[in-house]
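To start, the structure itself, in structure tokens.
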Number of protein chains: 2
Amino acid sequence: MITIGRLAKYAGVSIKTIRVYHDKGLLPEPDRDSSGYRRYTAQHAIDLIKIRTLAEAGVPLARIRELRAASDEGFREALHQVDTDLTARIRGLRETQRRLRGLAAGRLQMLPPEVAGHLERLPELGFSPRWVALETDLWILVFATHPDTAVELFHDQAQALTDPALRQMYLDYDRAHDLDPHDPRIDDLARRVVRATLERYGSADLPGQNTNSEIPALIQGAVNASSPAWRRLDALIRDQLSRT
Amino acid sequence: MITIGRLAKYAGVSIKTIRVYHDKGLLPEPDRDSSGYRRYTAQHAIDLIKIRTLAEAGVPLARIRELRAASDEGFREALHQVDTDLTARIRGLRETQRRLRGLAAGRLQMLPPEVAGHLERLPELGFSPRWVALETDLWILVFATHPDTAVELFHDQAQALTDPALRQMYLDYDRAHDLDPHDPRIDDLARRVVRATLERYGSADLPGQNTNSEIPALIQGAVNASSPAWRRLDALIRDQLSRT
DNA sequence: GCTTGACCTTGCCCTAAGGGCAGGGTTGCA
DNA sequence: TGCAACCCTGCCCTTAGGGCAAGGTCAAGC
């Protein structure tokens, strides 16, 4: 016949927690003594410990109440489900911890000097400020999210710009921003891009595509947003590539 | 210049989450386009991922906002703290999982038949219903919380009852419930209990005491609650034992 | 008997981190 | 021109308790 304070201390919870469990019908209200104090039995202590074990495992209180009334079979099944979820949560936390350490190690710290230098040289090659800004965003995202493959990808791109024909193609892409969406130069450019892509990578995977991420879509969305001509260009290229 | 929906999908959060981060000053509000839509840059995506990493590690949003303005030194230190907390949380979850499996294995399922039988025989030996109820609570708690040492402890107690003198002592304890707290029989009983305890266990640890738990206090609290005589008896015994 | 500190009671409002909905405007594609 | 899919703000709702007020109770010491 212990008081609420003792029960709380024993179970390692606050008094309020116990009262909440009463309110929500998780733990039966015990009898009161002559002065209205709640008086608990060992059975209450047992029940409370069970409830806490489930609650600490992340089971919502409403669910715990349901489980109290569930069949033995259903209860066991539910426990198994909870166990599985818990394993997943632990794995998730470990993954978070890994990312956290990456953050602490100063990774995700903008761009390597090599890349910054490359971006600074773009205007001299004739690219517009808008194009440079887009490229900057692109590389920030790629380096932030796929640091392992980013360097490789970057070298591939930087090398492409050393070929005068390819460089002209990118310059034309840049210029296309302000064209009418139905300007024939758009169709011409789309064909050149497709031909160059196939020549450079054959029908093998495009670099960066294997990392099944949202980044390409994100970038392309950013690109498309600012110009109808670019939207059409993207649609044409996408369409022709998908036919090969 | 991506929209809020794309950013959300990319970062794996809901749109609402992003808006909340704006409201709380965690993520700067981006510029709006001509129709009032928020337009994000890669920098926002980077910031958001950092924020999510911390949030998933359990850092409160208010704390994350402070950290945004913290020095590089303070930031690194805070990250270390978060990492430590995270490790503790993971360990806690694993412990919870262990207890959960104990629960699933059907342990914590009341009492072994041996104990139940013992309790049923107590009335025949002359013990009051109140005493039996207390003993029942006691053993439920002990078996629930220390299943490994409970059996040993129980055998020790059951064996004690086979000694007529000791049995009489327990019967007297039971009877003492309704005595006046200053009845000399209380003093006498206390001395007998102390002597018997020392004879049986010497000055070695009493069984069950090494499991440094709240159980003994819980039980004793329950016992004391119902009778001033028992309270005084407990005080006397405790006092005399502590003097040895 | 009186005080004092530690408990207990109910009732009320507060919090974090969003979820969901209403009511209304915008965009992209056929 | 219609339609689906977006976006905007504002408002209320949720979970699992925390905290406080105002008042009753208990055990100990004087």
Side-chain angles (χ1 to χ4, degrees), chain A residues 1-9 11-27 29-40 48 51-52 54-65 181-182 220-221 224-232 234-236 238-239, chain B residues 1-9 11-27 29-40 48 51-52 54-66 181 220-221 224-232 234-235 239:
Chain A
M1 286 302 153
I2 60 173
T3 64
I4 196 170
R6 275 195 170 286
L7 177 64
K9 196 174 287 181
V13 304
S14 72
I15 290 179
K16 176 70 172 222
T17 297
I18 294 176
R19 288 208 264 251
V20 166
Y21 291 173
H22 289 322
D23 286 353
K24 306 213 169 173
L26 276 167
L27 190 66
E29 278 271 3
D31 294 338
R32 308 298 183 106
D33 67 13
S34 61
S35 57
Y37 290 12
R38 293 180 180 83
R39 291 296 183 164
Y40 295 88
L48 181 53
I51 291 169
R52 283 308 296 174
L54 289 168
E56 278 160 23
V59 182
L61 300 192
R63 187 78 207 293
I64 297 178
R65 185 183 46 211
H182 293 285
Q220 198 60 55
N224 289 348
S226 57
S227 151
W230 274 359
R231 267 201 296 281
R232 176 138 187 282
D234 179 46
L236 286 173
R238 208 167 284 273
D239 180 59
Chain B
M1 287 300 152
I2 60 174
T3 64
I4 197 171
R6 275 195 170 285
L7 178 63
K9 195 174 289 180
V13 304
S14 73
I15 290 178
K16 176 70 172 222
T17 297
I18 295 176
R19 289 207 265 250
V20 167
Y21 291 173
H22 288 322
D23 287 354
K24 306 212 168 174
L26 277 167
L27 190 66
E29 278 271 4
D31 295 337
R32 308 298 181 105
D33 67 13
S34 61
S35 57
Y37 289 12
R38 294 179 180 83
R39 291 297 182 163
Y40 296 88
L48 181 54
I51 292 169
R52 282 308 296 175
L54 289 168
E56 279 160 24
V59 182
L61 300 193
R63 187 78 208 293
I64 297 178
R65 185 184 45 211
E66 290 170 20
Q220 198 60 55
N224 289 348
S226 56
S227 152
W230 275 359
R231 265 201 296 282
R232 175 137 187 283
D234 179 46
D239 181 58

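Throughout, protein chains are lettered first and strands after them, A, B, ... in sequence-line order, and every chain is numbered starting at 1.
Listed here is the closest heavy atom pair of A:R65 and A:K24: NH1-O, 2.8 Å.
Counted by atom type alone, B:R52 and B:Y21 present one or more donor-acceptor pairs between their side chains at under 3.5 Å.
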Inset, instruction - Using a 4.0 Å cut-off on protein heavy atoms (strictly under), produce a 5'-to-3' string for nucleotides 4-16 of chain D with B for base contact, S for backbone-only sugar-phosphate contact, and - for none. - result: --BSSB-B----B
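When each of B:I64, B:V20, B:I18 is paired with B:L26, the side-chain contact (heavy atoms from CB on, under 4.5 Å) condition holds for B:I64 and for no other. Of the candidates A:R238, A:R231, A:R232, A:R238 is the only one forming a side chain to side chain donor-acceptor pair (under 3.5 Å) with A:D234.
Rounding to the nearest 0.5 Å gives a distance of 11.5 Å between CG of B:L27 and OG1 of B:T17. The CD1 atom of B:I4 sits 3.5 Å away from the OH atom of B:Y40 when rounded to the nearest 0.5 Å. In this structure, CG in A:L7 is found 4.5 Å from CD1 in A:I2, a value given to the nearest 0.5 Å.
In this structure a side-chain-to-backbone donor-acceptor pair under 3.5 Å is missing from A:R39 to A:P30.
Between chain B and DNA chain C, the heavy-atom contact criterion of under 4.0 Å yields a 5' to 3' nucleotide range of C:dA17 to C:dT27.
Judged by closest nucleotide on DNA chain C, B:T17 is the one of A:R231 and B:T17 placed further toward the 5' end.
One finds no side-chain N or O of A:S14 lying less than 4.0 angstrom from the OP1 or OP2 phosphate oxygen of D:dG19.
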